[in-house]
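Because only heavy atoms are used, hydrogens play no part in the values below, and waters and symmetry mates are left out as well, while side chains stay in.
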Amino acid sequence: MIPQKHTLTATVDGGETLEVISGRLTLDDTWSPYAQATLTIVTPADLAAIDPRQVHRVKLTMTRDLPTAQTRTLHLHIRARTIRLDGTTELQLASDDAWLHDLKWPMLDDDINIPASPEYGLYATVAGLVNHLATVTMPQLGASQTITVEVFPEAIVQITNPDGGNLLPISTGQSLYEVALPYLQANNLRLYADGSAPARLKVHGTTRLPTAAWLTVQTGVDLTDARDEINRDSDLWADSLTVHYTRGNAPVSMATWPPVGQGPVTKHLYLQINAHSPWTQFMDPELDIGPAMEAMFNRLQKRGRLVPVDAISDYSANAGQNINVTTPLAPPLTGVTQSIEWRFPDHEMTVTIRDLTEATP
């Protein structure tokens with residue numbers, strides 16, 4: 001492998017450069033916030049600059065020189081800090097979608113009235129909600145990041161629109177993330193936000209950037225280790241699923257897929273979500289539940305096998321990106337990157353791959 005030089009720099013929005021000792025930066029499309037980081041730094045003289053109670057962003061810049069020069073920048077905000085006696089401080093950082101967890105109803109702005117669209121249905125609800133967060137909620141917090149909503153025709157249901165708008169059901173104490181989650185899940189959508197570009201609302205599991213190339217990891221080139229994992233005892237996989245929304249008193253708050261009596265069941269997963277049922281918004285819930293549940297069930301089916309691989313850090317990588325990988329453990333694989341973790345100072349990354357397909361001999 002070619003010797004390479006890797007660097008990680010961290011600059012607070014006020015201009016102070018932090019002295020980084022070690023760091024771990026992760027993009028993962030199965031959790032929220034989407035981007036998270038842990039830094040160990042030399043404790044700075046100005047502690048106010050790293051106070052998580054303020055809106056402090058940190059610009060994280062990762063670079064390497066060979067075999068091709070790369071630079072990747074993330075803009076994350078400080079969530080927590082721990083000062084130690086040895087003169088170091090640990091910082092926890094996250095992308096702006098962490099604020100969706102912070103804000104609970106009643107919150108900063110008025111009721112969220114979302115214009116509905118007969119053409120795009122549920123997608124219009126999600127797009128309207130995200131646009132509201134981007135144009136109303138985030139600016140009130142001093143956020144500068146924008147959210148790009150990409151319109152596409154994959155919506156699977158329509159919502160009621162009696163008066164040109166639709167008031168989302170929200171309960172006191174419910175976070176904005178809990179409000180949005182059912183609509184994202186039901187339409188197989190994911191909000192990607194890592195601060196390196198405008199946040200993007202896209203179909204779950206697709207590449208975050210439309211022009212992004214496939215990622216490649218190969219034995220003898222950049223691969224350093226690999227595992228091939230299947231675990232039936234975890235809740236990563238099941239062949240039957242029940243989703244139960246526990247807020248409100250909607251006529252339809254729980255559904256199972258496949259419908260009871262259709263096909264053999266060897267493992268059942270019961271998923272409880274602290275939110276209103278998204279099906280209360282639909283023109284005909286009984287007709288629209290099936291496609292929404294099928295989308296969630298299909299994602300579950302692809303999660304039975306994971307292949308985490310360690311490799312020399314590639315800063316062009318993204319969660320939700322197509323990947324080719326060759327390891328000594330199996331035939332060549334193609335799949336989708338579930339998560340990317342970059343580590344400093346060892347300059348390696350761990351890529352976890354799902355939706356795997358083995359090359360035929």
Checking D346 against R24 for the salt bridge (charged side-chain N to carboxylate O under 4.0 Å, His left out) test, could you report, in this order, the C-alpha distance in whole Å, the side-chain angles of both residues, the deciding distance, and whether it holds?
CA-CA 10 Å; D346 62 2; R24 186 174 69 251; over 6 Å; no
Before giving the answer on side chain to side chain donor-acceptor pair (under 3.5 Å), spell out for S313 and R343 the whole-Å C-alpha distance, their side-chain angles and the decisive distance to 0.1 Å.
CA-CA 8 Å; S313 289; R343 296 183 299 278; over 6 Å; no
Verdict with supporting geometry, T40 and T88, side chain to side chain donor-acceptor pair (under 3.5 Å):
CA-CA 7 Å; T40 299; T88 66; over 6 Å; no
Worked check of salt bridge (charged side-chain N to carboxylate O under 4.0 Å, His left out) between R305 and E229
CA-CA 6 Å; R305 179 186 180 191; E229 302 173 353; over 6 Å; no
Could you please spell out the steps behind the side chain to side chain donor-acceptor pair (under 3.5 Å) verdict for D310 and T224?
CA-CA 5 Å; D310 294 340; T224 60; 4.8 Å; no
Between L60 and T11, does the side chain to side chain contact (heavy atoms under 4.5 Å, CB included) criterion hold? Intermediate values first, please.
CA-CA 7 Å; L60 301 173; T11 306; over 6 Å; no
Hey, mind stepping through T63 and H6 against side chain to side chain donor-acceptor pair (under 3.5 Å) and telling me if it holds?
CA-CA 6 Å; T63 65; H6 294 245; over 6 Å; no
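Side-chain contact annotation: T334 with N324, donor-acceptor N/O pair under 3.5 Å absent. Checking T38 against Q92 by side-chain atom types alone, a donor-acceptor pair falls below 3.5 Å. The closest side-chain donor-acceptor pair between T266 and R232 falls under 3.5 angstrom. For the 3.5 Å distance criterion, the side chains of D28 and T30 qualify, holding a donor opposite an acceptor.
For S240 against H268, the heavy-atom pair with the smallest separation is OG-ND1, 2.8 Å. Scanning all heavy atoms of the two residues, the minimum distance from P44 to I41 falls at CD-CD1, 4.0 Å. For M62 against L25, the heavy-atom pair with the smallest separation is SD-CD2, 3.9 Å. Minimum heavy-atom separation, A94 to P33: CB-CG, 3.7 Å. The two atoms that bring H101 and S32 nearest to each other are NE2-OG, 3.0 Å, heavy atoms only. Scanning all heavy atoms of the two residues, the minimum distance from V20 to A10 falls at CG2-CB, 3.8 Å.
A salt bridge does not link D51 with R81: every distance from a Lys NZ or Arg NE/NH1/NH2 to an Asp or Glu carboxylate oxygen is 4.0 Å or more. With respect to the salt-bridge test (charged N to carboxylate O, under 4.0 angstrom), the residues K267 and D233 do not qualify. Residues R72 and D314 are not paired through a salt bridge, judged by the lack of any N-O separation under 4.0 Å between the basic side chain and the carboxylate.
Atom CZ of R53 has 12 or fewer heavy atoms from other residues, nucleotides or ligands within 6.0 Å.
The distance from atom CG of L356 to atom CG of D228, rounded to the nearest 0.5 Å, is 7.5 Å.
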Identify all side-chain donor-acceptor contacts of residues 12-19 below 3.5 Å with residues at least two apart in sequence or on another chain.
residue, atom, partner, partner atom, Å
D13, OD2, R57, N, 3.0

